[in-house]
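A, B, ... follow the sequence lines: proteins, then strands. Residue 1 opens every chain.
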Amino acid sequence: MNNIYTIADNIITSLGFSSRENFDNLKLGKSGIKKTSDPKITQIPLQTSIVDSKRLETEFSRIDKPEKYTRLEKMMILSITDALKQTDIDPSKENTLFVFSSVKGNIDLIENENHPFDKDRINLWAISDQVCKFFNSAVKPVFVSNACISGVTAIIVAAEYLRNGKYKNVIVCGGDIISEFTPSGFQSFKAISDEPCKPFDANRTGITLGEGVGTIIMTSNKDLVKEEKPVIFRGGANSNDANHISGPSRTGDGLYYAIRNTLKEAGKTNTNIDYISGHGTATPYNDEMESKAIKWAELEHVPVNSLKAYWGHTLGAAGIIECIAGIHSIKENCLIQSLGYSEHGVSEPLNVITEFKQTEINNFLKTASGFGGSNAAAYFSELNAD
Amino acid sequence: MENVISKYCIIKPHQIIVDGKTEIVDSEKNEFGAFMKSVYKHYEISYPKYFKMDNLCKVAFIASEIVLQANEHIKEIDPDKVGVILQNSHSSIDTDLKYNDTIKDKSNYFPSPAVFVYTLPNVMIGEICIRNKFQGENTCFIAKEFDVEFMSHHVNELLNSGKLDACIAGWADYIDGEYSAMLFLVEKNKENKKDNISFKPEFINQLIK
């Protein structure tokens with residue numbers, strides 16, 4: 001079977017415009033979450049993680065006219081441009097597929113009826129049309145909108161195309177922006193934390209939303225791999241709780257199935273996993289369910305973190321940027337502190353990472369769960385490491 | 001081994017087509033809600049939660065109920081081996097616009113969690129999974145038009161890799177009174193029946209013409 005190599009990535013969030021910048025901030029334990037009272041976003045003060053708009057315009061104006069694109073499209077084009085620079089891939093070639101993930105897409109256009117774009121631009125496929133056009137791609141893209149697991153699903157679907165040889169390279173790009181729509185909805189659910197979120201903590205009261213974009217480029221072409229020990233995608237799966245459209249399973253069965261199927265696909269028969277990049281939204285129900293699924297998979301001893309207290313829950317970006325952080329944890333042999341956690345607050349005894357640590361990391365498991373009862377997991381490891 | 005279509009349902013404006021046979025034509029040309037309610041009654045569906053769903057979920061749900069009727073054996077498959085893979089064009093934009101109306105006017109600001117929860121297209125998949133206790137692979141894809149090539153490729157991969165034994169797959173879309181669904185129950189071909197239709201683009205395209 002083809003190896004699926006990860007060869008380039010980019011993250012754009014409040015913590016920076018590259019994977020390097022973001023990961024350095026994670027290593028320092030620095031959060032990008034701030035309180036805002038911007039009336040375009042919220043009616044009451046809101047903790048959130050926002051991409052620097054001035055920098056976005058400045059950086060984008062170096063490659064094209066900012067007024068031609070929406071906020072999300074600009075972030076996606078910038079992110080893919082940076083990731084492509086790290087490779088020798090020509091995105092206009094027929095052997096390269098684009099896979100996108102977003103939950104709400106150009107939602108700011110729905111809120112602002114006076115926007116200057118064509119009315120079709122509110123559609124998710126309009127975003128992939130624009131981005132593919134920018135990169136002169138003639139291949140029909142794939143677009144995933146699977147709530148909070150969208151990013152992990154996009155990576156799994158991309159890998160499927162590489163495995164069966166239909167394409168040689170896949171550019172996976174996912175993201176979402178913060179406007180009034182999503183915060184107001186979660187506020188109406190009383191699911192937003194007044195303080196920056198505290199995943200797995202006893203005093204967690206809800207999520208913190210954020211915006212961002214992540215890009216990960218994967219290939220089955222060994223010649224494009226520049227590193228001696230690249231990180232490869234080994235397996236992934238998703239599942240459904242079939243329990244409730246807006247609340248997770250009480251038992252963790254759905255997420256457990258996704259983890260089990262992922263490890264089976266990866267051919268991982270033991271539980272020697274070095275790190276779990278959890279979903280950890282910091283809602284009471286999600287984190288509790290997650291702890292049960294991890295216990296069920298007999299992985300409660302594995303160091304786990306949630307990165308949500310750094311850049312918030314970035315919806316369509318979350319799965320991608322958290323996988324990128326996992327890949328960098330392998331490359332730099334380190335574990336990032338699970339920010340916001342001080343007192344254990346879930347019923348199962350998880351091994352939550354309480355401080356930054358340099359230690360050998362050869363692999364990681366990523367998990368995600370979301371509305372609609374969806375769960376996903378993916379497993380990556382260094383080439384020849386297990 | 002080939003994966004085959006056990007049953008399919010196409011919902012067009014005022015029409016229900018099942019396995020190629022037009023089973024309902026609404027000559028009165030009722031609007032969506034009334035038409036779907038009559039379909040619900042015609043197929044003797046009984047699921048009170050249906051009435052809480054948004055219109056996208058309703059059209060997907062009705063089509064799923066129809067393809068699962070007389071296919072009781074699906075319920076005997078392990079729940080985590082039955083998946084739901086759907087695609088649509090307009091995501092949940094119809095409900096997004098309704099939700100946006102509740103936050104637009106700051107003097108009349110009443111964001112509703114009951115509406116907000118339907119502002120995700122994959123919730124239609126969640127509803128079908130809850131109804132039938134399906135716990136396998138489930139993803140919502142977006143494309144301007146039904147991408148038969150993609151759908152067939154992805155679903156066949158899931159069945160061939162052993163992740164799934166059966167899958168509800170296809171298309172369901174709703175925007176501003178316009179609706180469509182093309183749902184297929186796809187299974188591994190165990191019996192090698194001659195009249196089975198393979199879940200391949202050339203055959204799917206024939207069925208949805």
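- Inter-residue side-chain proximity for A:Phe371 and B:Asn122 is flagged as unmet; no heavy-atom pair is nearer than 4.5 Å.
- In terms of heavy-atom pairs under 4.5 Å with chain B, the best-connected choice from A:Ser239, A:Gly372, A:Ser374 is A:Ser239.
- Looking only at side-chain heavy atoms (C-beta outward), A:Phe100 and B:Ile142 stay at 4.5 Å or farther from each other.
- With a 4.5 Å cut-off on non-hydrogen atoms, B:Thr119 touches chain A through its backbone and its side chain both.
- If you tally non-hydrogen atom pairs under 4.5 Å between each of A:Thr182, A:Ile149, A:Ile110, A:Asn261 and chain B, the highest count goes to A:Ile110.
- When heavy atoms are compared at a cutoff of 4.5 Å, A:Lys104 approaches chain B solely by way of its side chain, counted from C-beta outward.
- The two residues B:Phe141 and A:Val144 come nearest to each other via the heavy atoms CE2-CG2, 3.6 Å.
- Of the listed residues A:Thr153, A:Val142, A:Val103, the one with more heavy-atom pairs under 4.5 angstrom with chain B than any other is A:Val142.
- Ring-plane geometry between B:His153 and A:Tyr161 is classed as parallel, the angle between the planes falling under 30 degrees on a 0 to 90 degree scale with a further cut at 60.
- Of all the heavy atoms in A:Ala242 and B:Ile130, the pair that sits closest is C-CG1, 3.7 Å.
- Heavy-atom neighbours of B:Glu202 CD from other residues, nucleotides or ligands within 6.0 Å: above the threshold of 12.
- A:Asn240 and B:Gly126 make their closest contact through ND2-CA, 4.2 Å (heavy atoms, listed as atom of the first residue, atom of the second, distance).
- Nearest heavy atoms, B:Gln135 versus A:Asp241: NE2-O, 3.1 Å.
- Under a 3.5 Å cut-off, the side chain of B:Tyr109 and the backbone N or O of A:Gln43 do not form any donor-acceptor pair.
- For a residue to count as touching a neighbouring chain, one of its non-hydrogen atoms must lie under 4.5 Å from one of that chain's; by this rule B:Lys133 touches chain A with backbone and side chain alike.
- Only the side chain of B:Lys104 has a heavy atom closer than 4.5 Å to any heavy atom of chain A.
- Contact annotation for A:Asn243: only backbone heavy atoms (N, CA, C, O) come within less than 4.5 Å of a heavy atom of chain B.
- No part of B:Thr102 comes within reach of chain A, as not one of its non-hydrogen atoms sits under 4.5 angstrom from that chain.
- For A:Ser184, the parts lying near chain B are the backbone and the side chain together; criterion is any non-hydrogen pair under 4.5 Å.
- Contact of A:Asn164 with chain B is made through the side chain alone, with heavy-atom distances under 4.5 Å.
- With a 4.5 angstrom heavy-atom cutoff, B:Tyr118 touches chain A only via side-chain atoms.
- The two residues A:Ser188 and B:Pro111 come nearest to each other via the heavy atoms CB-O, 3.5 Å.
- Side-chain atoms of B:Asp147 and A:Phe143, non-hydrogen and from C-beta on, never get closer than 4.5 Å to each other.
- Your options are A:Ala154, A:Gly373, A:Ala237, and the one with the most heavy-atom pairs under 4.5 Å with chain B is A:Ala237.
- Of all the heavy atoms in B:Asn138 and A:Asn146, the pair that sits closest is O-ND2, 3.0 Å.
- Counting heavy-atom pairs closer than 4.5 Å to chain B, the top residue among A:Ala147, A:Ser145, A:Ala258, A:Pro39 is A:Ser145.
- For A:Tyr257, the part lying under 4.5 angstrom from a heavy atom of chain B is the side chain only.
- Contacts with chain A were tallied for B:Val117, B:Leu120, B:Val123; B:Val117 has the most, counting heavy-atom pairs under 4.5 Å.
- Ranked by heavy-atom pairs shorter than 4.5 Å toward chain B, the options A:Asp120, A:Ile107, A:Asn123, A:Asn375 are led by A:Asn123.
- Of the two parts of B:Glu149, only the side chain, counted from C-beta on, holds a non-hydrogen atom closer than 4.5 Å to a non-hydrogen atom of chain A.
- Using a 4.5 Å heavy-atom cutoff, the side chains of A:Glu160 and B:Leu158 are in contact.
- For chain A, the nearby part of B:Ser91 is the side chain; its heavy atoms alone come within less than 4.5 Å.
- Only the backbone of B:Phe134 comes within contact range of chain A, with heavy atoms under 4.5 Å apart.
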**Message:** Please determine whether salt bridge (Lys or Arg N to Asp or Glu O under 4.0 Å) holds for the pair A:Arg260 and B:Asp80, giving the CA-CA distance in whole Å, both sets of side-chain angles, and the decisive distance to 0.1 Å.
**Reply:** CA-CA 11 Å; A:Arg260 184 197 62 192; B:Asp80 57 316; 2.3 Å; yes
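- Of the two parts of A:Phe186, the backbone and the side chain both hold a non-hydrogen atom closer than 4.5 Å to a non-hydrogen atom of chain B.
- In this structure, the separation between CG on A:Asn238 and CD1 on B:Ile85 is 6.5 Å, given to the nearest 0.5 Å.
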